[in-house]
Protein chains: 2
Amino acid sequence: MARPKIGETDRSNSTDKVEKILQGAMQEFLAHGYAATSMDKVAEAAGVSKATVYSHFQDKEGLFKALIEKLAKKRFQKILGTQALQGEPYIVLRRLAKTALHQMIDDPEYQSFERLLIGESARFPGLAQIFIGSIAKPAIETISKYIASRPELNIPDPEATARILIGSLVHFVMTQEIMHGKNIMPMESDRLIDALTHLIINCAE
Amino acid sequence: MARPKIGETDRSNSTDKVEKILQGAMQEFLAHGYAATSMDKVAEAAGVSKATVYSHFQDKEGLFKALIEKLAKKRFQKILGTQALQGEPYIVLRRLAKTALHQMIDDPEYQSFERLLIGESARFPGLAQIFIGSIAKPAIETISKYIASRPELNIPDPEATARILIGSLVHFVMTQEIMHGKNIMPMESDRLIDALTHLIINCAE
DNA sequence: GTCTATATAATGATAGAC
DNA sequence: GTCTATCATTATATAGAC
């Protein structure tokens, strides 16, 4: 709604529409990007009229920002819901890499989200930064702390090494899936995982 | 260059227009993306009329594809023009990483190109594949061969390791520059280079 | 080959009925 | 709050003059 008042009891009717609009917006923006998505299509996908969309969101840009922030929060929950990082590095790092890789590969929504954020990162730098701050940064910090907690790994810069780990995985999904390179330069994901764990673990020896 | 046709007069004028159109298209598409770029703006940026644009390119999609293919070729030249990979791994890998990283960081056109290709990789999968085949694949192959040529590195899977190297560098530029994360999670590029060379070199010991 | 002018369609956003 | 109907603008693409 346009002006929420303090202490106002939410009308569930209205909240439902907002949710439907965000659902429709997600479908359209993720499929076609920002500029190629029309408010008519959003309204149609949401099952409401266009005027209703404009009664809940100021304009196209406002709707887009609200959607991206919602999706970033959702991803944040999904990723931080992974298993706690503790135990033998060989086990933990392999499981971490395998889990993260397959979560990205098996999730078309994640891939569309990446396309959208990167594609619009010039027009909406603040939204890309929300993604960085709420997803990439905590992920790197978590891994960095784990690496630092295992002195037997003998890694002088845990944070930089965490970036190498994450960067390798994300870029693998970027080339193979998001940019459709898996038929042009195929590689089993296990080979990447093996090579990564080899680099990180065997360095200590 | 252009194929000379019998009886054609004034062909250099026409070729000039094509070049001007592609220049204008580059400026607009790189700045605003595919959908948000109008043929009017392309014509204006190129200094020609819109009808002239349509006389040389079938439609917006055709112009876009021609531009991306041209840019991919240009990048291909630019990247393969790097120094030959031979010599001591510590020297070669550090120089490679440093050069590649700064070429990407100091090149806004590259960053816009990445935004464009990834953002449009759902609508134009073939164009993303051209990029993969003409840039990412040869780069990985070159590094892979170098790694394989140095058995003292003791790396069991050179190709997967080459992907880790490239992936770390590209993803670093992706988060820091393209997605504007350098103020949110800052890191000196030298730290990444140090950590990478540490992982790859010290593993052999 | 290149231009000006225009046809046709779609877009973001709003007015007013209920 | 939600809808239908509509406005003003802008888009892709083309016709016809020179």
Side-chain angles (χ1 to χ4, degrees), chain A residues 1-5 8-29 31-68 116 120 123-124, chain B residues 1-25 27-29 31-68 116 119-120 123-124:
Chain A
M1 65 197 72
R3 298 170 197 164
K5 295 173 186 172
E8 185 183 14
T9 50
D10 247 345
R11 290 210 152 198
S12 54
N13 244 357
S14 171
T15 323
D16 281 355
K17 295 274 181 184
V18 169
E19 190 50 42
K20 281 173 70 178
I21 292 167
L22 285 170
Q23 273 293 328
M26 182 177 80
Q27 177 186 310
E28 295 299 314
F29 281 125
H32 308 114
Y34 178 76
T37 290
S38 73
M39 296 296 265
D40 289 81
K41 291 283 183 60
V42 169
E44 189 185 336
V48 302
S49 78
K50 190 161 58 167
T52 300
V53 176
Y54 277 98
S55 80
H56 288 283
F57 299 91
Q58 194 183 6
D59 52 16
K60 187 181 179 182
E61 196 169 314
L63 172 59
F64 184 67
K65 288 180 178 172
L67 172 70
I68 296 297
L116 188 57
E120 302 299 338
R123 198 199 301 249
F124 301 104
Chain B
M1 307 302 285
R3 281 178 302 169
K5 289 176 186 174
I6 299 171
E8 188 181 9
T9 63
D10 206 19
R11 63 176 175 268
S12 60
N13 246 354
S14 172
T15 323
D16 282 355
K17 296 273 181 184
V18 169
E19 190 50 43
K20 280 172 71 179
I21 293 167
L22 284 170
Q23 273 293 327
Q27 177 185 312
E28 294 300 313
F29 281 124
H32 308 113
Y34 178 78
T37 291
S38 74
M39 295 297 264
D40 288 83
K41 291 285 182 59
V42 169
E44 189 184 336
V48 301
S49 77
K50 191 161 57 167
T52 300
V53 176
Y54 278 97
S55 80
H56 288 283
F57 299 92
Q58 194 182 9
D59 52 17
K60 186 181 180 181
E61 196 171 313
L63 172 60
F64 184 67
K65 288 180 179 173
L67 172 70
I68 297 296
L116 188 57
E120 301 299 339
R123 197 199 301 249
F124 301 104

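Sequence lines set the chain letters: A, B, ... in the order given, protein chains first and strands last, and positions in each chain run from 1.
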Find the distance between CE (M39(A)) and CG (D59(A)) and round it off to the nearest 0.5 Å.
7.0 Å

With heavy atoms under 4.0 Å as the rule, sort S38(A) into base, sugar-phosphate or nothing.
sugar-phosphate

Integer-rounded Å distance: dT12(D) P and K41(B) NZ:
10 Å

In terms of side-chain heavy atoms of D59(A), which of dC3(C), dA13(C), dT2(D) is nearest?
dA13(C)

To the nearest angstrom, the CD-P distance between E28(A) and dT11(C) comes to 11 Å

Over how many whole Å does the gap from I21(A) atom CD1 to dC3(D) atom C1' extend?
13 Å

Would you say that more than 12 heavy atoms from the other residues, nucleotides or ligands in this model lie under 6.0 Å from the CD of Q58(A), or not?
no

The side chain of V48(B) is closest to which nucleotide in this list: dT2(C), dT2(D), dC3(C)?
dC3(C)

Quickly work out the D40(B) CG to dT6(C) C1' distance and round it to whole Å.
12 Å

For the residue pair F57(A) and K65(A), establish whether any side-chain heavy-atom pair is separated by less than 4.5 Å.
no

Contact under 4.0 Å: Y54(A) side-chain N or O vs dT14(C) OP1/OP2:
no

At how many degrees, to 10°, do the end axes of the helix from dG1(C)-dC18(D) to dC18(C)-dG1(D) meet when each uses five pairs?
10°

Flag side-chain contact, heavy atom, 4.5 Å: F29(B) against I68(B):
no

Once you round it to whole Å, what is the distance between P of dT14(C) and NE2 of H56(A)?
15 Å

Quick one: H32(A) NE2 to dA10(C) C1', roughly how many Å, whole number?
15 Å

Closer than 3.5 angstrom, by distance alone: can the side chain of K60(A) be matched with the main-chain N or O of Y34(A) as a donor-acceptor pair?
yes

Side chain of A51(A) (C-beta onward), nearest among dT12(D), dC3(D), dC3(C):
dC3(D)

From CZ of F57(A) over to P of dT2(D), roughly how many Å is that when rounded to an integer?
12 Å

May I ask you to decide if the ring planes of F124(A) and F64(A) are parallel, tilted or perpendicular, using 30° and 60° as cut-offs?
tilted

Closest non-hydrogen contact found for A35(A) with E120(A) is N-OE2, 4.3 Å

Spacing of M39(A) atom CE relative to dA10(C) atom P, expressed in whole Å:
18 Å

Would you mind telling me which of dC3(D), dA13(D), dT2(C) lies closest to the side-chain atoms of K17(A)?
dC3(D)

Below the 4.0 Å mark, does dC3(C) have OP1 or OP2 next to a side-chain nitrogen or oxygen of T52(B)?
yes

